[in-house]
Amino acid sequence: MNDYARLRTLIGSDAAGPAVRRWARDFMTEVLDGRTEIGAVRHPLGFLCFPAWRDGGLGVCVHVWTDGLRSCPTTSAMHAHSWDLLSVVLYGEVGNEILEVESSADRATHRIFEIHSGADGDVVRATERLVRYRIRSSEHFRAGEVYTLPHGVFHLSDVRGEAATVVLGEVRRGRPDRSLGTLATADHWVHRTGCTPSETRRAAQTVLDHLQEPTLPEQLEDRCEQAT
């Protein structure tokens, strides 16, 4: 069973949080010990991405927000995925502001950009669509909680302090990632920078340090397993 199928099954169980935490500990230990060549990548939206497993339109990543290793987007942090997202918060708190975007030629505040990703980075292209937006709803998730975001939904992630998530993605063919940029922003290229081996190990150690102490549900589950 591949990592995507395994995690999808774990997330659907009653003990999703503890089970995914154990998977994340095993994965980050392999990164730290050099048993995998997977390295962290600086994502334009300000977090580190560990691409744990990918095959066709399916993928598993670990996203890590940590001080000193963040970057800023070239358009804005308001974006819509081309893929369906299923995520579990490992630690910290992750918020999402769901946006309602509507075309507005007269009172537009932003332009929609399409993001076409390749092996070396992203081509960010302006579209003709001028829009304005409003916040439709806000939601916050803590360690062990699961959340979803369907493709095409504009949102703004709100992560303050240290946090990490395990993310499962299923690509929807023919739908590019999109973001909101200013009316004056031009087409441009964004190169995704890989972390150095030492930065990758430091990020992996940070995640392991946060996961070192099990949560209460995980402690209870371990005791039940020992009792049986």
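Nothing fancy with the numbering, it's 1 onward along the sequence. Both backbone and side-chain heavy atoms feed into the values below; hydrogens, waters and symmetry mates do not.
Residues Q205 and L32 share a closest heavy-atom pair of OE1-CD2, 3.0 Å. The minimum heavy-atom distance linking L211 with Y91 is given by the pair CD2-CD2, 4.1 Å. Closest heavy-atom contact between L90 and R21: O-NH1, 3.3 Å. Nearest approach of P44 to D122, heavy atoms of both residues: CG-OD2, 4.0 Å. The heavy-atom pair separating S82 from P176 by the smallest distance is CB-C, 3.6 Å. Minimum heavy-atom separation, T200 to A40: OG1-N, 3.2 Å.
Classification of R134 and E100 as a salt-bridged pair holds, one side-chain N sitting under 4.0 Å from a carboxylate O. No salt bridge links R160 with E93; every basic N to acidic carboxylate O contact stays at or beyond 4.0 Å.
The backbone N or O of L208 sits nowhere less than 3.5 Å from a side-chain atom of H210 that would complete a donor-acceptor pair. Formation of a donor-acceptor pair under 3.5 Å by the T29 side chain with backbone atoms of R25 is found in this model. Within the 3.5 Å criterion, the main-chain N or O of H79 finds a donor-acceptor partner in the side chain of H155. Judged by distance alone, the side chain of N2 and the main-chain N or O of Y4 form a donor-acceptor pair under 3.5 Å. Using modelled atom types, one side-chain atom of T127 and one backbone atom of R129 make a donor-acceptor pair closer than 3.5 Å. Side chain of N96 to backbone of E139: no donor-acceptor contact under 3.5 angstrom is found. No donor-acceptor distance shorter than 3.5 angstrom exists from the side chain of D177 to the backbone of I115, with no hydrogens or angles considered.
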Problem set entry | Check against side-chain contact (heavy atoms from CB on, under 4.5 Å), F47 and T66 | CA-CA 7 Å; F47 55 83; T66 184; over 6 Å; no
Exercise. What's the verdict on side-chain contact (heavy atoms from CB on, under 4.5 Å) for V31 and F50, showing C-alpha distance, side-chain angles and the deciding distance?
Worked result: CA-CA 10 Å; V31 172; F50 286 84; 4.0 Å; yes
For this session: With side-chain contact (heavy atoms from CB on, under 4.5 Å) as the test, would you mind laying out the steps for L48 and H43 before giving the verdict?
Result: CA-CA 6 Å; L48 300 184; H43 195 281; over 6 Å; no
Exercise. So R136 and E97, salt bridge (charged side-chain N to carboxylate O under 4.0 Å, His left out) or not? Walk me through it.
Worked result: CA-CA 7 Å; R136 188 176 69 197; E97 293 184 345; over 6 Å; no
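In this structure, W83 and H81 have parallel ring planes: the angle between them is below the 30° cut-off, well short of the 60° mark. Ring pair Y133/H110 is perpendicular by interplanar angle, where above 60° counts as perpendicular and below 30° as parallel. Ring geometry, F141 versus Y147: the interplanar angle falls under 30°, so the pair is classed parallel (tilted spans 30 to 60°).
Considering only heavy atoms from C-beta on, V167 stays 4.5 Å or farther from V60 through its side chain.
Results of the side chain to side chain donor-acceptor pair (under 3.5 Å) test with S179 over T75, T74, T185 single out T75 as the only residue that passes.
Neither side chain, T36 nor E30, offers a donor N or O lying under 3.5 Å from an acceptor on the other.
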